[in-house]
Amino acid sequence: MNDDRREGGPSWSGPVLFYTDAVIDHFTNPRNVGELDEADTDAFARIGDPGCGDEMMLWLRIRDGRIDKVRFRSFGCPGAISTGSMLTVLADGRTVEDAGKFSDDDVVDALGGIPENKKHCSLLGVKALRTALEGYGQAKMVR
Ligand code: FES
């Protein structure tokens with residue numbers, strides 16, 4: 001019998017979290033990771049979660065009102081990385097208007113769900129997207 005839970009085996013104290021295959025896929029193989037150079041960056045945001053210290057940075061290139069390139073870096077947990085990755089997949093190719101309406105539920109639903117106590121992680125990407133798009137909108141008004 002190979003069961004680490006038997007007497008004398010390692011033990012852990014916290015809840016065991018169950019992630020969907022999609023979450024595991026986006027955590028282990030995140031899409032659109034990286035940065036855009038300055039010439040390609042029309043919008044940028046850096047968002048942190050003060051509760052856990054995790055952070056996400058998001059770069060957008062916008063052409064003709066549409067997000068045509070998106071990159072992210074996340075210094076965070078599996079929830080932050082997988083939802084950040086899915087957010088970039090959902091945002092890529094969308095109009096600025098459509099992308100501005102994304103909610104964390106859209107990201108979580110696209111991943112087939114996420115453990116309840118990790119739902120706050122999905123906010124990082126959505127907040128970064130909204131902040132970047134707000135900055136883009138304000139910059140356009142100034143031009
Ligand atoms: Fe901090 Fe997931 S625990 S974003």
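Just so you know, ligand 1 is whichever comes first in the structure, and atom 1 is the first atom listed for that ligand.
- Checked against Asp68 for a side chain to side chain donor-acceptor pair (under 3.5 Å), the options Arg94, Arg61, Arg63 give a single hit: Arg61.
- Annotation: Asn29, atom CG; neighbour count of heavy atoms from other residues, nucleotides and ligands within 6.0 Å is above 12.
- Contact detail for Asp98 and Thr95: the closest heavy-atom pair is N-OG1, 3.0 Å.
- Ranking protein heavy atoms by distance to atom 1 (Fe) of ligand 1, first place goes to Cys52 SG, 2.1 Å.
- Between the side chains of Ser82 and His26, not a single donor N or O lies within less than 3.5 Å of an accepting N or O.
- Within the listing of ligand 1, atoms 2 (Fe), 3 (S) sit less than 4.0 angstrom from a heavy atom of Lys118.
- Between the choices Gly53, Cys77, Gly125, the shortest heavy-atom distance to atom 2 (Fe) of ligand 1 belongs to Cys77.
- Taking 2.8 Å as the criterion, Asp49 does not count as a coordinating residue of atom 1 (Fe) of ligand 1, since none of its N, O or S atoms falls below it.
- Note that the OG1 atom of Thr88 and the CH2 atom of Trp59 stand 12.5 Å from one another [nearest 0.5 Å].
- Of all the atoms in ligand 1, the ones that sit under 4.0 Å from a non-hydrogen atom of Ala80 are 4 (S).
- Counting just the N/O/S atoms of Asp54, the one with the shortest distance to atom 1 (Fe) of ligand 1 is named OD2.
- Not one N, O or S atom of Cys121 sits under 2.8 Å from atom 1 (Fe) of ligand 1.
- Close contacts between ligand 1 and His120 involve ligand atoms 1 (Fe), 2 (Fe), 3 (S) [criterion: under 4.0 Å to a heavy atom].
- Atom CG of Asp64 sits in a sparse spot, with 12 or fewer heavy atoms from other residues, nucleotides or ligands closer than 6.0 Å.
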